Asks: 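Below: one structure in structure tokens.
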Amino acid sequence: MPLLDVFGISASGLTASRLWLDITANNIANLQTAGRPNDPLNPPYRRKVPVFAEKLRRALDSPPGQPSLNAAGVSVAAVVEDPSPPRLAYEPSHPLADPRTGYVAYPNINIASEMVSMIAATRAYEANVTVLNAAKDMALRALEIGRS
């Protein structure tokens with residue numbers, strides 16, 4: 001694998017991990033964003049989840065000997081909403097409470113799973129930084145060998 005491909009693959013991983021962290025932070029920030037149950041005009045926030053897709057290299061896309069920075073790595077194919085139902089809380093005095101039942105709809109977000117997601121995204125980011133630094137060190141050492 002050419003060295004420049006390693007930089008491209010690692011960069012795509014860094015970008016995907018950063019978006020994953022941003023989405024997780026957005027989910028945590030909207031943990032208490034309420035809505036009215038069964039009201040399409042005022043729905044509660046829905047948890048968002050990134051969907052990753054591997055970029056596949058094709059022999060025809062990159063001629064031999066030419067760097068193909070966009071031909072490998074990972075990309076975010078979509079950001080989808082979690083289809084699970086909202087969490088209902090009985091709060092009849094809340095302004096968004098259903099007038100008949102007194103329930104308020106809160107997002108379908110579990111703080112523990114969001115923290116696990118944040119840790120996983122952070123570890124993925126750190127792993128890509130490590131790969132990027134290792135590739136940089138190898139390139140620098142190759143240049144030093146060329147000088148001798």
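None of the values given here were measured: they were computed from a predicted structure. Hydrogens, waters and symmetry mates play no part in the numbers below; they use all other heavy atoms, side chains included.
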Asks: As a quick check of understanding, evaluate side-chain contact (heavy atoms from CB on, under 4.5 Å) for Ser75 and Phe52, giving each step before the final call.
Replies: CA-CA 6 Å; Ser75 66; Phe52 299 108; over 6 Å; no
Asks: Who are the side chain to side chain contact (heavy atoms under 4.5 Å, CB included) partners of Ala134, not counting sequence neighbours?
Replies: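 Result, side chain to side chain contact (heavy atoms under 4.5 Å, CB included) vs Ala134: none returned.
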Asks: Would you say the side chain of Ile28 lies within less than 4.5 Å of the side chain of Met118, judging by non-hydrogen atoms?
Replies: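 Yes, at least one pair of side-chain atoms sits under 4.5 Å.
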Asks: Check this for me: Asp39, atom CG, are more than 12 non-hydrogen atoms of other residues, nucleotides or ligands nearer than 6.0 Å?
Replies: yes
Asks: Rounded to the nearest 0.5 Å, how far apart are CG of Leu14 and CG of Leu132?
Replies: 6.0 Å
Asks: Identify the heavy atoms of Pro44 and Arg36 that sit nearest to each other, and give their distance.
Replies: CD-O, 4.5 Å
Asks: Any side-chain heavy atom of Val79 within less than 4.5 Å of one from Val51?
Replies: no
Asks: Report the distance from atom OG of Ser117 to atom CG of Asn110, rounding to the nearest 0.5 Å.
Replies: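 The CG atom of Asn110 is 11.5 Å from OG of Ser117, to the nearest 0.5 Å.
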Asks: Between Asn38 and Pro40, what is the shortest heavy-atom contact and its length?
Replies: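 Closest approach of Asn38 to Pro40, heavy atoms only: O-CD, 3.6 Å.
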Asks: Work out which heavy atom in Ile23 is nearest to a heavy atom in Val49; give both atom names and the distance.
Replies: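 That would be CG2-N, 4.4 Å.
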Asks: Could you go through Asn133 and Asp137, starting from their C-alpha distance and side-chain angles, then the distance that decides it, and tell me whether this counts as side-chain hydrogen bond (donor to acceptor under 3.5 Å, both in side chains)?
Replies: CA-CA 6 Å; Asn133 286 334; Asp137 290 343; over 6 Å; no
Asks: Roughly how far apart are Asn26 CG and Ile109 CD1, rounded to 0.5 Å?
Replies: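 The CD1 atom of Ile109 is 8.0 Å from CG of Asn26, to the nearest 0.5 Å.
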Asks: Would you name the heavy atoms of Thr24 and Glu114 that are closest together and state the gap between them?
Replies: CG2-O, 3.2 Å
Asks: Would you check if there is a donor-acceptor pair between the side chains of Tyr45 and Asn27 at a distance under 3.5 Å?
Replies: yes
Asks: Less than 4.0 Å between a side-chain N and a carboxylate O, is that true for Arg123 and Glu126?
Replies: yes
Asks: Residues in side chain to side chain contact (heavy atoms under 4.5 Å, CB included) with Thr130, at least two apart?
Replies: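 Result, side chain to side chain contact (heavy atoms under 4.5 Å, CB included) vs Thr130: none returned.
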Asks: Sort and list the pairs that fulfil ring pair (Phe, Tyr, Trp, His ring centres under 6.0 Å) and have at least one residue in residues 101-125, not counting sequence neighbours.
Replies: Tyr90-Tyr103
Asks: Should Arg46 and Asp82 be marked as a side-chain contact (heavy atoms from CB on, under 4.5 Å) after you check the CA-CA gap, both sets of side-chain angles, and the distance that decides it?
Replies: CA-CA 6 Å; Arg46 287 225 173 278; Asp82 186 351; 6.0 Å; no
Asks: Any non-hydrogen side-chain atom of Val104 less than 4.5 Å from a side-chain atom of Leu88?
Replies: no
Asks: Write down the atom of Pro107, the atom of Leu31, and the distance for their closest heavy-atom approach.
Replies: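 Reported closest heavy-atom pair: CD-O, 3.4 Å.
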Asks: Could you tell me whether Arg18 and Asp22 make a salt bridge, using a distance below 4.0 angstrom between a side-chain N and a carboxylate O?
Replies: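 Yes.
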Asks: Evaluate the criterion side-chain contact (heavy atoms from CB on, under 4.5 Å) for residue pair Leu96 and Asn42; output intermediate values, then yes/no.
Replies: CA-CA 9 Å; Leu96 292 173; Asn42 198 2; 2.8 Å; yes
Asks: For residues Gly73 and Ser12, report the shortest heavy-atom separation together with the two atoms involved.
Replies: CA-OG, 3.3 Å
